[in-house]
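Data block below; observations after.
Below, all heavy atoms of this structure are taken into account, side chains as well, without hydrogens, waters or symmetry copies. Chain letters run A, B, ... following the sequence lines, proteins first and then strands; every chain starts at 1.
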Amino acid sequence: MTAPKIAATDVSRRDFLRFGAVAGGGFFIASYLEPLGKLVEGRHTLAPADATLNAYIRIMADGSVTIVGKNPEVGQGIKTMLPMLIAEELDVDWKTVKVEQGQLDTKNFQGQVAGGSSATPSNWLPMRQVGAAGRAMLIAAAAATWNVPAAECETDKGMVKHAASRKSLSYGDLAAKAATMTPPDLKTVKLKDVKDFRIIGQRTRNVDAHAIVTGKPLYGIDVTVPGMLYATFVKCPVFAGKVVSANIDAIKALPGVKQVFVVEGGTNLGGLLPGVAILADSWWQAKSARTRLKVTWDEGATASQSSVGFAAKAAELSKQPPQRSLRKDGDVDAALASAAKTIKADYFYPFIAHASLEPQNCTAHMKADGTMEIWAPSQNPAPGRSMVAQTCGIPADNITVHLTRMGGGFGRRLSNDYMVEAAWIAKVAQVPVKLLWMREDDIQHDFYRPAGFHYFTGGIDATGKVTAWRDHFVSFGEGNNFAAGANIGGTEFPQHFVPNFALDASVMPLGVPTGFLRAPGSNGIAFATQSFIDELAHAAGKDPLLFRLDLLSNVQPDVPAAAPGGFPQAPYDHARARAVLELVRDKSGWGKTKLAKGTGMGVAFHFSHRGYFAEVVQATVSKEGKLKVDKVWVAGDIGSVIINPLNAENQVQGSVLDGLAQAFGQEITIDKGRTVQSSFDDFPLLRFVEAVPVEVHFAKNDIAPTGLGEPALPPVIPALCNAIFVATGKRVRTLPLSNQDLRWS
Amino acid sequence: MKVSFKVNGQAKTVDVPGDMPLLWTLRDTLDMKGTKFGCGLSQCGACTVHFNGAAMRSCMTPISAVAGASITTIEGLSADGTHAVQQAWKELDVAQCGYCQAGQIMAAAALLAKNPTPCDADIDTAMNENLCRCATYLRIRAAIHRAAEIKAQGTPVVKKAGEKGRQL
Ligand code: FES
Ligand code: FES
């Protein structure tokens with residue numbers, strides 16, 4: 001891993017002053033911070049003896065330490081984890097640390113994004129350097145006070161000590177002086193040795209746990225601004241359909257309704273779309289008024305789209321020469337012609353919604369001085385602010401964005417449509433506005449995980465080795481561009497492990513918004529490729545786990561290995577892939593247990609977001625076709641250190657169960673250009689009775705730690721389908737399973 | 001319409017449309033944001049409160065039906081987060097995003113009030129309508145067992161015959 005750029009975290013005197021101004025600014029605009037101020041425990045103004053060491057660290061004269069978590073918290077645990085990294089190197093007692101959510105601040109902070117499992121690898125060094133810089137300044141302050149060399153001073157849980165003179169001072173005593181010390185160069189600041197870690201690697205509880213279990217306002221939906229109105233926004237069920245006419249005056253007359261207006265919007269599916277905004281004294285009144293709203297829509301050209309139509313088009317494209325070749329190694333046709341066995345199979349996975357439990361919402365206030373304040377549950381607030389600036393014609397510097405805790409995101413909140421809607425409505429209304437979507441809006445106006453079609457052909461020789469692999473991937477997009485989340489890299493596994501390999505792609509146009517769902521790309525691709533590898537294993541008469549280990553050993557020296565998934569710094573490491581497969585084999589008792597008919601174990605592995613995961617699922621299918629997962633074993637490799645094992649286990653179990661929910665019954669279908677499903681009734685989330693034991697193990701190595709929000713998800717789906725094959729003899733090539741007939745005799 | 005009822009032991013009178021659900025009365029009229037909105041359709045349980053002691057969805061309960069009732073919300077489960085269920089939730093670090101947890105906690109507290117030593121099957125049955133999109137179910141189950149222990153003042157719970165607490 002190359003060291004990420006850390007320019008924005010440089011600790012300088014100017015940063016201190018700038019952050020001081022922000023802290024003071026918080027006081028200055030107290031009337032609007034007040035509502036959210038309630039949300040953030042420990043927000044206070046600075047007394048003279050308190051000190052801000054840099055944009056992340058504030059030490060009060062009483063010794064209490066506040067650390068700012070800069071990244072958006074969506075349930076991945078980053079608000080706890082990044083401050084742990086700082087606190088470790090600052091060398092304070094974690095119990096004394098208060099954590100504060102940073103607001104969007106592109107001058108002081110870099111990478112305020114919850115996406116791509118990227119926060120761990122990109123912050124592992126910089127956040128520790130920030131903490132170490134603070135520690136160095138405290139040491140410098142103590143050394144100056146005692147007139148001893150800094151090198152003779154040590155720190156221990158919030159104290160600086162000088163052994164020779166037996167002097168010690170607390171960080172609180174030193175804070176004011178430390179803030180006047182010259183900050184050290186972040187690049188050369190000394191970091192702790194791994195063996196000296198006292199916070200990193202400890203099972204550390206969520207810093208918001210108490211606020212969560214006592215019902216404190218934390219989330220975007222909880223924001224209140226004095227004088228605000230509540231808004232609902234009605235869009236055309238066909239994406240980007242325009243408003244022709246609406247019974248605006250009738251709606252205006254309804255109880256509690258204050259303003260009703262048409263938003264013209266545009267045609268960019270990621271931006272502000274057309275619709276009707278209803279603003280009322282309470283959200284209930286706005287929503288009630290909505291049931292009486294009558295809109296005539298111009299549905300536009302995409303009103304004829306359907307999932308059935310997409311499937312027919314994909315089948316047609318699969319029979320034509322592919323539009324593009326993404327990768328070609330060797331000669332697949334020749335290898336297939338001479339193969340001992342050839343296998344063909346077609347795979348399909350559907351559109352899926354994110355369905356985070358907190359529906360999309362955002363609060364915005366356009367003020368008389370031309371500035372705007374926004375409270376946004378966004379995973380990627382910086383582009384949201386740019387979009388607001390552009391759409392509403394407000395300079396980005398005049399827009400303040402507060403980050404709130406989010407009730408889930410899974411990639412949904414990487415899109416900022418709700419933010420631009422709230423901003424636009426607030427600008428037109430000239431009052432503070434809380435926009436809240438209905439559940440139905442949330443399911444029907446998502447940026448869906450795009451459906452995908454894979455048309456595979458594989459060849460094996462007489463010894464059971466894979467000699468040829470072709471995947472004609474059919475998805476959505478135009479020309480050489482894939483729709484968001486619909487792309488595939490030319491180096492997907494088993495590229496580099498099969499001598500004759502071809503990955504081709506064809507796309508069809510799409511008028512449905514798509515985006516990134518937890519482990520984007522991988523969550524579908526792993527299902528298709530790891531299921532097809534299983535088909536090859538069974539065709540070769542080999543144990544599926546051993547077959548995979550053999551495949552991973554079959555490195556093609558003449559075929560260059562490019563980096564999968566767009567991580568040029570992390571080429572496919574077959575040793576790590578093998579290690580997690582071997583670990584999950586050992587932990588699951590693979591091949592050792594005799595299973596009754598109707599019960600089977602399946603295995604799969606996948607590399608994504610810099611992490612390697614192998615998983616085994618044991619599943620039982622009754623003769624009547626009723627599926628029950630018995631247990632899942634997980635082996636993962638995300639590097640040398642599990643920063644917070646307590647949360648890591650939770651994330652992995654959540655990812656795996658999330659994958660099971662997708663496989664069991666999640667599907668978004670499009671008909672007449674609109675989304676058919678609308679609630680948890682027809683888009684089912686996992687339930688208690690389906691929550692099976694998930695045993696989690698980590699393989700360790702000496703690579704710097706990487707992220708965990710996503711890579712544990714992809715393998716569980718093919719591992720489950722492969723288990724079903726063993727249990728029933730039925731190969732699942734289409735998801736979700738609720739549409740499949742699993743009966744056997 | 002004017003409706004009087006008790007919330008967390010305090011008498012309240014609100015003047016809101018009679019069809020306004022208790023959820024929105026709590027959140028927007030009384031500014032109690034602990035009870036959450038997930039669907040408004042009685043499908044997810046995020047809005048679970050206690051209605052005269054029993055777990056109930058507040059998103060489809062019109063305020064007119066609440067007159068004279070005693071409502072407990074997450075804010076009133078204990079004065080300071082020390083209810084056994086809240087303690088167990090913190091101890092086991094149940095939450096991921098945390099959004100469903102107020103509803104989960106209220107449902108769990110109601111379950112334990114009726115059944116102080118639930119087995120896994122009891123938990124699954126009682127809690128099956130409470131959805132967690134982050135899928136923290138394994139920890140919720142474990143935390144309910146732990147809360148049962150805390151409630152029984154730290155003495156290990158005697159499980160029903162043949163029943164073992166499921167491992168995480
Ligand atoms: S919000 Fe009441 S059940 Fe979902
Ligand atoms: S913790 Fe996120 S929905 Fe349950």
Side-chain angles (χ1 to χ4, degrees), chain A residues 73-77 203 205-206 208-210 212-219 221-222 224 230 255-256 282-285 287-288 355-359 405-410 436 438-439 646-647 649-651 653-658 661 679-681 685-691 693-695, chain B residues 16-17 19-21 24-25 27-29 31-41 43-44 46 73-75 77-78 80-81 83 85-87 89-91 93-102 105 123-125 127-141 166-168:
Chain A
E73 174 62 64
V74 71
Q76 82 281 44
R203 296 173 70 85
R205 291 186 192 135
N206 181 347
D208 280 337
H210 184 76
I212 289 168
V213 305
T214 52
K216 295 281 183 304
L218 278 169
Y219 301 88
I221 198 175
D222 300 336
T224 307
Y230 296 80
S282 71
W283 189 73
W284 177 251
Q285 287 168 312
K287 177 184 172 289
S288 301
S356 52
L357 202 58
E358 180 192 16
R405 193 176 180 88
M406 284 167 268
F410 313 99
L436 171 61
M438 292 169 63
R439 169 54 51 196
L646 185 62
N647 181 51
E649 182 190 62
N650 209 351
Q651 292 298 317
Q653 291 176 329
S655 303
V656 165
L657 296 177
D658 190 357
S679 74
F680 299 131
D681 259 1
L685 303 187
L686 200 84
R687 288 175 185 277
F688 270 92
V689 291
E690 299 161 325
V694 179
E695 194 180 298
Chain B
V16 297
D19 66 348
M20 183 154 152
W24 298 109
T25 310
R27 288 185 56 84
D28 293 346
T29 311
D31 195 27
M32 298 171 69
K33 301 289 198 261
T35 308
K36 295 296 191 245
F37 165 62
C39 66
L41 303 162
Q43 293 174 353
C44 76
T73 70
I74 185 79
E75 291 96 337
L77 193 59
S78 68
D80 47 4
H83 186 283
V85 173
Q86 290 168 313
Q87 282 187 52
W89 247 247
K90 284 200 270 184
E91 195 180 306
D93 203 46
V94 170
Q96 285 186 33
C97 83
Y99 193 77
C100 71
Q101 301 296 349
I105 288 170
I123 293 172
D124 288 2
T125 307
M127 305 285 293
N128 209 38
E129 305 299 311
N130 279 76
L131 304 180
C132 174
R133 172 62 180 89
C134 304
T136 61
Y137 298 115
L138 304 178
R139 287 207 176 166
I140 293 175
R141 244 191 236 128
R166 199 180 293 176
Q167 259 223 306
L168 272 182

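Contact annotation: the side chain of A:R203 never approaches that of B:D93 to less than 4.5 Å [non-hydrogen atoms, C-beta and beyond]. Put simply, the side chain of B:I140 reaches to within 4.5 Å of the side chain of A:F688, judged on heavy atoms. Counting heavy atoms from C-beta on, the side chains of B:D28 and A:Y230 come closer than 4.5 Å. Side-chain contact check for B:Y99 versus A:L218: every heavy-atom pair is 4.5 Å or farther apart.
In this structure, A:R205 does not pair ionically with B:E91, as no charged nitrogen and carboxylate oxygen lie closer than 4.0 Å. A salt bridge links B:K36 to A:D222: at least one charged side-chain nitrogen sits closer than 4.0 Å to a carboxylate oxygen.
Closest of all the heavy-atom pairs between B:N128 and A:R687 is O-NH1, 2.8 Å. Closest non-hydrogen pair, B:R133 versus A:S356, comes out as CG-CA, 4.0 Å. Pairing each heavy atom of A:M438 with each of B:F37, the nearest pair is CA-CZ, 4.4 Å. Across all non-hydrogen atoms, the minimal contact from A:H210 to B:G81 is CE1-CA, 4.2 Å. Considering every non-hydrogen atom in both A:I212 and B:A95, the closest pair reads CD1-CB, 4.0 Å. The shortest heavy-atom contact between B:G38 and A:P359 is O-CG, 3.9 Å.
Residue contact with chain A, scored on non-hydrogen atoms closer than 4.5 Å, involves the backbone of B:D80 exclusively. For B:V16, no part sits under 4.5 Å from any heavy atom of chain A, backbone or side chain. Heavy atoms closer than 4.5 Å to chain B are found in the side chain of A:Q285, but not in its backbone.
For A:Y219 (side chain) and B:K33 (main-chain N/O), no donor-acceptor pair under 3.5 Å exists by modelled atom type. A:R405 places no side-chain N or O within 3.5 Å of a backbone atom of B:G98 that could act as its donor or acceptor partner. Listed for the A:N650 side chain is no donor-acceptor partner under 3.5 Å among the backbone atoms of B:Q96.
Between the CG atom of A:D658 and the SG atom of B:C132 there is a distance of 10.0 Å, given to the nearest 0.5 Å. Atom CG of A:L357 sits about 10.0 Å away from atom CD of B:Q101, to the nearest 0.5 Å. Rounding to the nearest 0.5 angstrom, the gap separating the CD atom in A:Q653 from the SG atom in B:C134 is 13.0 Å. For the atom pair CZ (B:R27) and OG1 (A:T224), the distance works out to 8.0 Å, reported to the nearest 0.5 Å.
Qualifying side-chain contact (heavy atoms from CB on, under 4.5 Å) partners for B:Q43, counting only residues two or more places apart in sequence or in other chains: A:S679, A:F680, A:D681, B:C39, B:L41.
Below 30°, between 30° and 60°, or above 60°: for B:W24 and A:W283 the angle between ring planes is between 30° and 60°, a tilted geometry.
Heavy-atom pairs under 4.5 Å with chain A were tallied for B:Q87, B:E75, B:M32, B:Q86; the largest tally goes to B:Q86. Counting heavy-atom pairs closer than 4.5 Å to chain A, the top-ranked of the candidates B:T73, B:T136, B:I74 is B:I74. When each of A:L646, A:L657, A:L685 is checked for heavy-atom pairs under 4.5 Å with chain B, A:L646 comes out on top.
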